[in-house]
Amino acid sequence: MSKTVTPRTPKGFRDFLPDTMLRRNFVLDAITDEFHRFGFEPIGTPILERHETLFGKYGEDAEQLIFTAQHGRSTREPLAMRYDLTVPLARVVGQYENHLSFPFKRYHIAPVFRGERPQRGRYREFWQCDADIVGVAGMSADAEIVSLMQHILSRLGFPQFVIKINHRKLLVAIGDFSGVPKEQLPDLYRSVDKFDKIGAEGVRRELTERGIAADAVSRMIDLIQAKVAGTGSLDLIVDAIGADEDNGVDELRELAALLAEAKVPPACYDFDFTMARGLGYYTGPIFETVISEPNLGSITGGGRYDNLIGMFRRQSLPTTGTSFGIERIIDLMDELNLYPGHLGGTLVQVLVTVFSQDTRAASMRIADGLRQAGVNTELYLPSRKLGRQFQYADKKGIPLVAIAGPNEVEAGTVKLRRLADGKEVATTLSGAVDAAKQLLALTP
RNA sequence: GUGGGCGUAGCUCAAUGGCAGAGCACCUGAUUGUGGUUCAGGCGGUUGAGGGUUCGAGCCCCUUCGUCCACCCCA
């Protein structure tokens, strides 16, 4: 007998047992359905990409987190595991543009891999859930993305969320106006992005330490804190730095107008100049959603990246989109208890018990009838006494138990018992499906 | 990658350096046609691993692995 291996997953990789998987699927199904309603269509891409596809897209720091993958006998084609779904999209667009019609609205739900140190809400394998629009330069596309986010988050039942909106060009203009050198803009984004976490003074300290002049930092911090309802803060910024066609403010105004037309509730979004997003490739409006109560960081992130596709194509295509952080969304839904009551630990609706070998055939007929009527039905398989079969149903959370013992078989009936309240009805075999559906529908 | 907390039964955790325990879970019975309550009994351990100090280590020291948290970065 060989020694058993300690069963465990690699660091940062997780298994999902059925009750967890049911909740994950509930969230993904809701999101997918909303994607469809907005006319987005799915794509799939391989988990492994060619090394050259991924490297050189995310910046040096991020590149160190990319998993590489190699097969022992084929070293001629260096491979890497996808780090997000955006670069694969850019590759697909470059590779299949003749087969696509633009605007190309695609969604993509799949696992991605990052070799980070795991933490709460942060794993080495996690699912991303992206919707992007390729080929539309105007704000109509960005407005649709924001509207999509609002619909999905509302549908999932989040009582209050705020989609923060900013603009990369505006951050550049503010930096410029304050006197922050262009080559330090990435530092600026990184620090400003921590505004929520470390506050104005924290950002000031970081930027000063990075060698940006103190007066430039002060001017900048004053500007980004502009906070007036609606587009009011845009006016404040323009008052301060002056009007400029290329500072993104006009686009944000247009976006606000489109969001109003799309009937996105004003309480759901907010112009926030302290939100920057770390990724380097954004070129236009940027989005991020936060939930204030249990603070787990952002649950969506996205924006416009008009140049990325140019990495895989002679000429780039304007693109905007968003990514839903479903790992965090699921954690939050657990905490806020946002799942519907019918979503228990099992999807089995009826357990058909088997009283004895002699009545097995009758139980199988009942199970078959329920299954044909679309009821999720489990036929009890081991031979154990009735009490154990009830115990099994109760422990697993199966709402209904069907009993067909000798008495019922003799009379040509079946008993249905609802475990939650003990309500029990006896029906004919042909009436079992309706009776079961009724008991399930009126579950107390 | 940097810094810190924690590793004891399947799970949650006890145990002055001195006999490794409890609750829950699981199994059996009370109860051979009815679960979730109750009662009785039972199973369950190389104290993460390796080394050291000691008459004696779950406890102290070192190493290592795992895990959680804060950074870095990000969803």
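Proteins get letters first, then strands, A, B, ... in listed order; numbering begins at 1 in each.
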**Student:** Would you measure the distance from the C1' atom in B:U46 across to the matching atom in B:G41 and give it in whole Å?
**Tutor:**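 Taking atom C1' in both B:U46 and B:G41, they lie 28 Å apart.
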**Student:** Taking atom C1' in both B:G10 and B:G44, compute the distance separating them and give it to the nearest angstrom.
**Tutor:**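 Here B:G10 and B:G44 have their C1' atoms 9 Å from each other.
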**Student:** Which letter, B, S or -, goes with each nucleotide of nucleotides 27-39 of chain B from 5' to 3', with contact meaning a protein heavy atom under 4.0 Å?
**Tutor:** SS---SBBBB---
**Student:** Report the distance from atom CZ of A:R124 to atom P of B:C73, rounded to the nearest whole Å.
**Tutor:**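 Roughly 18 Å, once rounded to whole Å.
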**Student:** Among pairs that include at least one residue of residues 152-175 of chain A, which meet ring-ring contact (aromatic ring centres under 6.0 Å, His included), considering only residues two or more places apart or in two chains?
**Tutor:**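 Those involving residues 152-175 of chain A do not exist here.
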**Student:** So, OP1 or OP2 of B:C71: does either fall under 4.0 Å of a side-chain N or O from A:K197?
**Tutor:**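 A:K197 to B:C71 OP1/OP2: side-chain N or O found under 4.0 Å.
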**Student:** Provide the distance between the two P atoms, one in B:G18 and one in B:G23, to the nearest whole Å.
**Tutor:**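 Those two atoms are separated by 23 Å.
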**Student:** Could you note down all residue pairs passing ring-ring contact (aromatic ring centres under 6.0 Å, His included) where residues 351-373 of chain A supplies at least one of them, sequence neighbours left out?
**Tutor:**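 Non-adjacent pairs meeting ring-ring contact (aromatic ring centres under 6.0 Å, His included): zero.
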**Student:** Separation of A:I299 atom CD1 from B:C74 atom P, in whole Å?
**Tutor:**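 Whole-Å distance recorded here is 19 Å.
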**Student:** Tell me the side-chain hydrogen bond (donor to acceptor under 3.5 Å, both in side chains) pairs involving residues 398-413 of chain A, sequence neighbours left out?
**Tutor:**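 Sorted result for residues 398-413 of chain A: empty, none.
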**Student:** Applying side-chain hydrogen bond (donor to acceptor under 3.5 Å, both in side chains), name anything that partners A:R365, two or more places apart in sequence or on another chain.
**Tutor:**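 For A:R365 there are no side-chain hydrogen bond (donor to acceptor under 3.5 Å, both in side chains) partners, ignoring immediate neighbours.
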**Student:** Distance between the P atoms of B:G3 and B:C72, in whole angstroms?
**Tutor:**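 After rounding to an integer number of Å, I get 15 Å for this pair.
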**Student:** Whole-Å distance between B:C74 P and A:R82 CZ?
**Tutor:**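 Those two atoms, CZ and P, are 21 Å apart.
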**Student:** Indicate, with a heavy-atom threshold strictly under 4.0 Å, whether A:K194 touches base, sugar-phosphate, or nothing.
**Tutor:**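 Answer is sugar-phosphate: A:K194 comes under 4.0 Å of backbone atoms only.
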**Student:** Starting at atom CD of A:E116, determine the distance to atom P of B:A70, rounded to an integer number of angstrom.
**Tutor:**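 Roughly 14 Å, once rounded to whole Å.
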**Student:** When you compare the side chains of A:E378 and A:Y392, does any donor N or O come within less than 3.5 Å of an acceptor on the partner?
**Tutor:**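 Present: a donor and an acceptor within the cut-off.
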**Student:** Under the side-chain contact (heavy atoms from CB on, under 4.5 Å) rule, collect the residues that match up with A:P46, sequence neighbours excluded.
**Tutor:**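 Applying side-chain contact (heavy atoms from CB on, under 4.5 Å) to A:P46 gives A:E49, A:R91.
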**Student:** Report yes if some heavy atom in the side chain of A:I286 is under 4.5 Å from a heavy atom in the side chain of A:M275; otherwise report no.
**Tutor:**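 When only atoms from C-beta onward are counted, A:M275 and A:I286 do touch, with a gap below 4.5 Å.
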**Student:** Using the P atoms only, state how far B:U63 lies from B:C6, rounded to an integer number of Å.
**Tutor:**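 Taking atom P in both B:C6 and B:U63, they lie 16 Å apart.
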**Student:** Measure from the ring centre of A:F126 to the centre of the six-membered ring in the base of B:A75, then say whether that distance is under 5.5 Å and the planes meet at under 30°.
**Tutor:**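 Per 5.5 Å and 30° rule: yes, stacked.
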**Student:** What pairs with A:E125 under side-chain contact (heavy atoms from CB on, under 4.5 Å), at least two apart in sequence or on another chain?
**Tutor:**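 Partners of A:E125 by the side-chain contact (heavy atoms from CB on, under 4.5 Å) criterion, ordered by chain and then number, come out as A:F13, A:P111, A:F113.
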**Student:** Please report, rounded to the nearest Å, how far the P atom of B:A75 is from the CG atom of A:D132.
**Tutor:**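 Rounding to the nearest Å, CG of A:D132 and P of B:A75 are 13 Å apart.
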**Student:** Round to the nearest Å and state the distance from A:E63 atom CD to B:C74 atom C1'.
**Tutor:**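 Taking atom C1' of B:C74 as the reference, CD of A:E63 is at 16 Å.
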**Student:** How does RNA chain B read in dot-bracket, base by base from 5' to 3', with Watson-Crick or G-U pairs under 3.5 Å and | used when the partner is on another strand?
**Tutor:** (((((((..((((....[..)))).(((((.......))))).....(((((..]....))))))))))))....
**Student:** Under the side-chain hydrogen bond (donor to acceptor under 3.5 Å, both in side chains) rule, collect the residues that match up with A:Q150, sequence neighbours excluded.
**Tutor:**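 Expected list: A:S154.
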**Student:** Applying side-chain hydrogen bond (donor to acceptor under 3.5 Å, both in side chains), can you list everything that pairs with A:E201, at least two apart in sequence or on another chain?
**Tutor:**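 Only A:R204 meet the side-chain hydrogen bond (donor to acceptor under 3.5 Å, both in side chains) criterion with A:E201.
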**Student:** Let me know the distance between CD of A:E209 and C1' of B:C72, rounded to the nearest Å.
**Tutor:**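 Atom-to-atom, A:E209 to B:C72, this comes out as 14 Å.
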**Student:** When the P atoms of B:A15 and B:C73 are considered, how many whole Å apart are they?
**Tutor:**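 After rounding to an integer number of Å, I get 41 Å for this pair.
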**Student:** For nucleotides 63-69 of chain B, tabulate all protein N/O to nucleotide N/O atom pairs closer than 3.5 Å, reporting atom names and distance.
**Tutor:**
residue : atom : partner : partner atom : Å
B:U67   : OP2  : A:K11   : NZ           : 3.2
B:C69   : OP2  : A:R120  : N            : 2.7

**Student:** Any side-chain heavy atom of A:R37 sitting closer than 4.5 Å to one from A:D33?
**Tutor:**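 Yes. Closest side-chain heavy atoms under 4.5 Å.
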**Student:** Please report the distance separating the C1' of B:C60 from the corresponding atom of B:A22, rounded so that it comes out in whole Å.
**Tutor:**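 Result for the C1' pair: 26 Å, nearest Å.
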**Student:** Rounded off to whole Å, could you give me the OH-to-P distance for the A:Y83 and B:C74 pair?
**Tutor:**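 Rounded to the whole Å, the gap is 7 Å.
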**Student:** Find out whether A:L89 and A:F104 are in side-chain contact, i.e. whether some heavy atom of one side chain is under 4.5 Å from a heavy atom of the other.
**Tutor:**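 Contact flag for A:L89/A:F104 side chains = yes.
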**Student:** Taking only residues two or more places apart in sequence, or in another chain, which ones meet A:S430 in a side-chain hydrogen bond (donor to acceptor under 3.5 Å, both in side chains)?
**Tutor:**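 Counting only residues at least two positions away or on another chain, A:S430 forms a side-chain hydrogen bond (donor to acceptor under 3.5 Å, both in side chains) with A:T428.
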**Student:** When you compare B:C19 with B:C59, how far apart are their C1' atoms, in angstrom units rounded to a whole number?
**Tutor:**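 It works out to 16 Å between them.
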**Student:** Would you mind classifying the nucleic acid contact of A:R190 as base, sugar-phosphate or nothing, using non-hydrogen atoms under 4.0 angstrom?
**Tutor:**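 Sugar-phosphate, no base atom in range.
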